[in-house]
Each structure stands twice: as C-alpha cells, then as structure tokens.
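Presented below is the structure to which this report refers.
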There are 2 protein chains.
Amino acid sequence: MKIEKSLLSGSTPMLVLALLKDGDKYGYEMIEELDRRSDHTFELKEGTLYPLLHALEKERFVTSYAKQTAGGRERKYYSLTSKGLEQLAYKEKEWRHFTTAVDAVLGFAVAEGNMSLAPAPATI
Amino acid sequence: MKIEKSLLSGSTPMLVLALLKDGDKYGYEMIEELDRRSDHTFELKEGTLYPLLHALEKERFVTSYAKQTAGGRERKYYSLTSKGLEQLAYKEKEWRHFTTAVDAVLGFAVAEGNMSLAPAPATI
DNA sequence: ACATATACCTCGGTCATCTATGTCTATTAT
DNA sequence: ATAATAGACATAGATGACCGAGGTATATGT
C-alpha cells in the first residue's frame with residue numbers, strides 16, 4: 001500500500017534515530033534498511049535523508065566518521081550519541097501519545113491509562 | 001503533552017471526516033470537538049481548518065449548508081457525503097498501515113497478519 | 001458601552017519532503 | 001577495454017501542510 005507522503009512528515013527523524021539504535025550505519029544503508037523494515041512503506045529519498053542527517057549531527061544527536069570498504073570506497077557512518085538516545089526515547093513517547101489521540105478521535109476503544117487523562121474535575 | 005505539529009501533517013483531513021461521521025458540524029464546533037476528543041492534543045487552528053473544509057467540499061467529500069441559531073446567528077454546517085465516507089475508510093486503512101510500519105521500524109512486536117506480508121518467495 | 005466569546009475568512013511565512021541534478025567510484029556487462 | 005549500472009554522497013528549488021496574524025461581524029455578559 002502506498003502511503004501519502006505527508007503522513008510521514010515529522011516522524012522521519014525518530015525513524016532514523018531508531019535505525020541507529022541497532023548500530024552505526026551509513027546514509028545509503030539507512031534508506032535500504034528503512035525500506036526493508038517497513039515492508040516498502042517508507043522509501044526515504046536521498047534529498048530527504050542527507051540534509052536530515054546533517055541537521056541531526058548539528059544538534060549532537062548523532063556523530064559521524066569516515067570508513068573505507070574492502071573495495072576502497074569511502075562511506076560516512078553515523079553513530080547515535082547519548083543525547084540522541086534520549087531524543088529517541090522522547091520521540092517515541094510523543095509518537096505513542098499522538099497515535100493514541102488519533103485513535104481516540106477515530107472512535108477506537110482506548111485501553112485505560114493510555115491517554116493519561118486527568119481525573120475528571122468535580123462538577124460542583 | 002505537546003505534539004510537534006508536523007506529526008499531525010497529513011492526518012488532519014481524516015480526522016475532520018471522522019468528526020463528521022457522527023453528525024453534521026460547523027467549523028468552530030469541529031475545532032472544539034477535536035480538542036476535546038484528543039484530550040487537548042489536537043488544537044487545530046482556524047487558519048488550517050477553514051481552507052481544509054473548502055478543499056474537502058471541492059472534492060465532494062462534504063457538502064455545506066447555512067443554518068440559524070436560536071439567537072439568530074448564522075452557522076455553516078458540513079455534512080459527510082457517501083464519497084467522503086469512502087474516503088474516510090480509505091484514510092483509516094492507510095493510517096493503520098502507516099502506524100504498523102512505524103512500529104515495525106521502532107522494533108515493536110507486530111501482531112501477525114497486520115503487515116500483509118507477501119508470502120516469502122521460494123529461494124529456487 | 002464595552003469586552004469577550006462565537007463564527008467565519010484569507011494571506012503570507014515556515015518547515016519538511018521530494019524532484020531533479022550533479023559528482024565520484026566500484027562493479028558488471030558487452 | 002569500455003560502457004553502463006549501482007553505490008554513495010551532496011545541494012537547490014518546488015511543493016504542500018500547517019500556523020500566525022490579521023480582518024469582519026454578531027451575540028452575550030457586565
């Protein structure tokens with residue numbers, strides 16, 4: 001199934017950080033891995049990923065280093081920092097909150113406790 | 001919890017259609033209803049909603065009519081068309097697919113059958 | 001009478017993603 | 001040997017979604 005691209009908007013940084021949680025990766029590899037893990041739902045474009053990686057590095061969520069392949073080709077590997085791991089945890093929490101809220105609007109039953117509802121105010 | 005606004009991007013039309021499934025509503029009412037149902041997660045702005053409603057009407061997903069309040073004020077009510085109902089069903093399906101794919105990338109266990117995986121091709 | 005809430009609307013800015021394009025190197029096909 | 005393809009990085013400009021800010025007008029509360 002093809003997903004309207006704007007749906008993905010906003011969750012891309014989280015997905016990239018999630019990929020790096022399982023080990024250092026280079027850009028091109030992330031695109032393939034994301035495509036594979038999502039069963040072809042997310043076909044991230046290079047024009048999206050590379051600028052995003054630069055932004056994540058600027059914010060110190062990831063660091064990068066160059067590494068040679070056996071063939072002599074150079075790759076730029078990215079590594080998750082502890083700050084990036086914290087950010088991932090935050091983004092995952094935000095993601096849970098978001099999907100719970102959408103499901104609530106769509107009218108799906110929500111398991112109690114999920115929405116962290118404030119206790120109902122006393123009606124005088 | 002505050003949600004980064006770009007997360008919502010793309011799912012807004014679905015949410016609006018979902019609201020109208022429960023009966024005709026006017027714009028201002030939808031904003032309040034969305035805020036209420038989502039426990040203040042979605043605070044849709046007028047600058048977002050009104051142009052969106054016009055677009056939905058243009059695509060024949062909704063129709064509109066004017067109606068007076070007891071006080072004499074005029075409101076513009078929107079009503080879901082059968083085409084809009086179909087669109088909502090499609091968008092909900094897309095939404096399920098999307099969240100399943102994100103969860104797969106995040107590494108959460110996925111209930112079997114959800115991802116509609118093609119049977120593994122025979123490896124010769 | 002004045003402020004606030006209700007109710008509609010539009011314009012322009014911001015930001016995320018994609019399209020298109022470019023570069024360079026390694027591998028595969030002819 | 002040479003051409004074509006795939007791998008790997010990068011950026012510029014277009015598109016599109018959402019919001020901020022502003023505008024108009026009526027009803028209600030003080």
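Only heavy atoms go into these numbers, but all of them, side chains included; no hydrogens, no water, no symmetry mates. In what follows, chains carry the letters A, B, and so on, assigned in the order in which the sequence lines appear, proteins first and then strands, with residues in each chain numbered from 1.
The separation between Glu33(A) atom CD and dA8(D) atom C1' is 17 Å, rounded to whole Å. Lys25(A) has its NZ atom 17 Å from the C1' atom of dA8(D), to the nearest Å. Rounding to whole angstrom units, OH of residue Tyr50(A) and P of dG7(D) are separated by 12 Å. With rounding to whole Å, Leu7(B) atom CG is found 12 Å from dA16(C) atom C1'. Lys67(B) places its NZ atom 19 Å from the P atom of dT6(C), with the value rounded to the nearest Å. One interatomic measurement links the two molecules: CE of Met14(A) to C1' of dA16(C), which rounds to 15 Å at whole-angstrom precision. The separation between Leu52(A) atom CG and dT11(D) atom P is 13 Å, rounded to whole Å. Taking atom CG of Leu49(A) as the reference point, atom C1' of dA12(D) lies 17 Å away to the nearest angstrom.
At least one side-chain heavy atom of Phe42(A) sits less than 4.5 Å from a side-chain heavy atom of Val102(B).
Close to dA7(C), at under 4.0 Å from its OP1 or OP2, lies a side-chain N or O of Arg75(B). When the side-chain nitrogen and oxygen atoms of Ser6(B) are compared with OP1 and OP2 of dA16(C), none of them lie within a distance under 4.0 Å. Between His54(B) and the phosphate of dC8(C), there is no side-chain N or O to OP1/OP2 separation shorter than 4.0 Å.
Taking NZ of Lys83(B) as the start and CZ of Arg60(B) as the end, the distance is 8.5 Å to the nearest 0.5 Å.
Using a 4.0 Å heavy-atom distance criterion, Gly27(B) is classed as a sugar-phosphate-only contact.
Judged by distance alone, the side chain of Lys5(B) and the main-chain N or O of Ile3(B) form no donor-acceptor pair under 3.5 Å.
When each of dC18(C), dG20(D), dA27(D) is scored by its nearest atom to the side-chain atoms of Lys45(B), the top-ranked nucleotide is dG20(D). For Tyr28(B), taking side-chain heavy atoms from C-beta onward, the closest of the listed nucleotides dA7(C), dT25(C), dC9(D) is dA7(C). Among dA8(D), dC8(C), dC19(D), the nucleotide with an atom closest to any side-chain atom of Lys5(B) is dC19(D). Listed candidates were dT6(C), dT17(C), dC9(D). Nearest to the side chain of Lys76(A) is dC9(D). Ranking dA16(C), dA7(C), dA8(D) by closeness to the Tyr26(B) side chain, first place goes to dA7(C). Set against dC19(D), dA6(D), dT17(C), the side chain of Thr12(A) has dT17(C) as its closest nucleotide. Taking every side-chain heavy atom of Pro51(A) into account, dT11(D) is the closest of dT11(D), dA17(D), dT10(C).
Positionally, the nearest nucleotide of DNA chain C for Tyr77(B) lies more toward the 5' end than for the other of Ser11(A) and Tyr77(B). Between Arg73(A) and Leu53(A), the residue anchored closer to the 5' end of DNA chain D is Arg73(A), taking for each the nucleotide with the nearest heavy atom.
Considering all non-hydrogen atoms of both residues, Leu53(B) and Tyr78(B) come closest at CD1-CE1, 3.6 Å.
No hydrogens or angles were tested; on distance alone, a donor-acceptor pair under 3.5 Å links the side chain of Glu46(B) to the base of dC8(C).
Note on residues 9-27 of chain B: pairs passing salt bridge (charged side-chain N to carboxylate O under 4.0 Å, His left out), not counting sequence neighbours, are Asp22(B)-Arg37(B).
For NZ of Lys93(A), the number of neighbouring non-hydrogen atoms (other residues, nucleotides, ligands) closer than 6.0 Å is 12 at most.
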